[in-house]
Amino acid sequence: MDQFMERAVELAIENVREGGQPFGAVLVKDNSVVAEGVNELHRKFDVSGHAELLAIRRAQEQFQTDDLSGFTMYASGEPCPMCLTAMYFAGIDEVYYCGSVEEAVEVGLGKSKFIYEEFKRDKADRTVSMKRMPLKEGQVNPMKLWSEK
């Protein structure tokens, strides 16, 4: 097993022993560890406190950039849709993971699989109801304002 994956798994094991979920992540650039994270849901009561997201946040803060192109993520478990989406936004182009979403389901951590399945459905058929509310006449359009900058 690669040294970076070994570290991600080690972080996950430590997190379980401290009362957390079995997820650890290591973000690497040029064959060096840049940032690490573990799921902190049990500490901060923050559903976005996933290992991969925390590693991404720490690296972006350290390098003062939103662009993590050329970075590689090592995760003890297959990234959830939220973490994978963040990796796309950050430009991370390579991800290695150990445990699969199916294995997570087997131990009672099935939200990722559920959400991946939800994304395959039409918006109207999803569990979470989403309804568009257009701007009122005369309101400043933030998208247009952005495009004018």
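- Inter-residue side-chain proximity for Thr72 and Phe4 is flagged as unmet; no heavy-atom pair is nearer than 4.5 Å.
- Looking at Asp67 and Ser69, their side chains do bring a donor and an acceptor atom within 3.5 Å of each other.
- Asp30 contributes no side-chain N or O that, together with a main-chain N or O of Ser32, makes up a donor-acceptor pair within less than 3.5 Å.
- Nearest heavy atoms, Gly37 versus Leu11: O-CD1, 4.1 Å.
- Both Phe114 and Phe119 are members of a single hydrophobic cluster when ILVMFWY side chains are connected at heavy-atom separations under 4.5 Å.
- Taking the side chain as every heavy atom from C-beta outward, Leu41 and His50 approach each other to under 4.5 Å.
- Looking at Glu103, its side chain does come within 3.5 Å of a backbone N or O of Ser100 through a donor-acceptor pair.
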May I have the list of side-chain donor-acceptor pairs in residues 80-93 shorter than 3.5 Å, sequence neighbours left out?
from	atom 1	to	atom 2	distance (Å)
Thr85	OG1	Pro81	O	2.7

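- Placement of Tyr74 and Tyr97 in two distinct hydrophobic clusters is found when ILVMFWY residues are connected by side-chain heavy-atom separations under 4.5 Å, directly or transitively.
- A pairwise comparison of heavy atoms in Glu52 and Met73 identifies O-CE, 3.7 Å as the closest pair.
- The shortest distance between side-chain heavy atoms of Phe71 and Val34 falls below 4.5 Å.
- Of the charged side-chain nitrogens involved, at least one lies within less than 4.0 Å of a carboxylate oxygen, so that Glu10 and Arg7 count as a salt-bridged pair.
- Residues Gln60 and Leu68 meet the side-chain proximity criterion, which asks for heavy atoms closer than 4.5 Å.
- A donor-acceptor pair under 3.5 Å is formed between the side chain of Glu78 and the backbone N or O of Val101.
- Within a 6.0 Å radius of OH in Tyr96, no more than 12 heavy atoms belonging to other residues, nucleotides or ligands are found.
- No more than 12 heavy atoms of other residues, nucleotides or ligands lie within 6.0 Å of NZ in Lys113, so this atom counts as exposed by the packing criterion.
- Put simply, Phe63 and Ile56 are part of the same group of oily side chains (I, L, V, M, F, W, Y) that touch within less than 4.5 Å, one to the next.
- Around CD of Glu61, the count of heavy atoms belonging to other residues, nucleotides or ligands within 6.0 Å does not exceed 12.
- Residues Val38 and Glu14 are not in side-chain contact: their nearest non-hydrogen atoms beyond the backbone lie 4.5 Å or more apart.
- A heavy-atom distance below 4.5 Å is found between the side chains of Arg43 and Asn15.
- Linking ILVMFWY side-chain heavy atoms closer than 4.5 Å, directly or via other members, places Tyr116 and Leu53 in two distinct hydrophobic clusters.
- For Ala59 against Leu27, the heavy-atom pair with the smallest separation is CB-CD2, 3.5 Å.
- Residues Leu109 and Pro22 have side chains in contact (heavy-atom distance under 4.5 Å, counting atoms from C-beta outward).
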Donor-acceptor contacts under 3.5 Å from residues 130-139 side chains, at least two apart:
from	atom 1	to	atom 2	distance (Å)
Gln139	OE1	Lys136	N	2.6

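- Residues Arg121 and Glu118 are paired through a salt bridge, judged by an N-O separation under 4.0 Å between the basic side chain and the carboxylate.
- Distance NZ/Lys149 to CG/Leu145: 6.0 Å, rounded to 0.5 Å.
- Counting all heavy atoms, side chain and backbone alike, Gly24 lies closest to Ala12 at N-CB, 3.6 Å.
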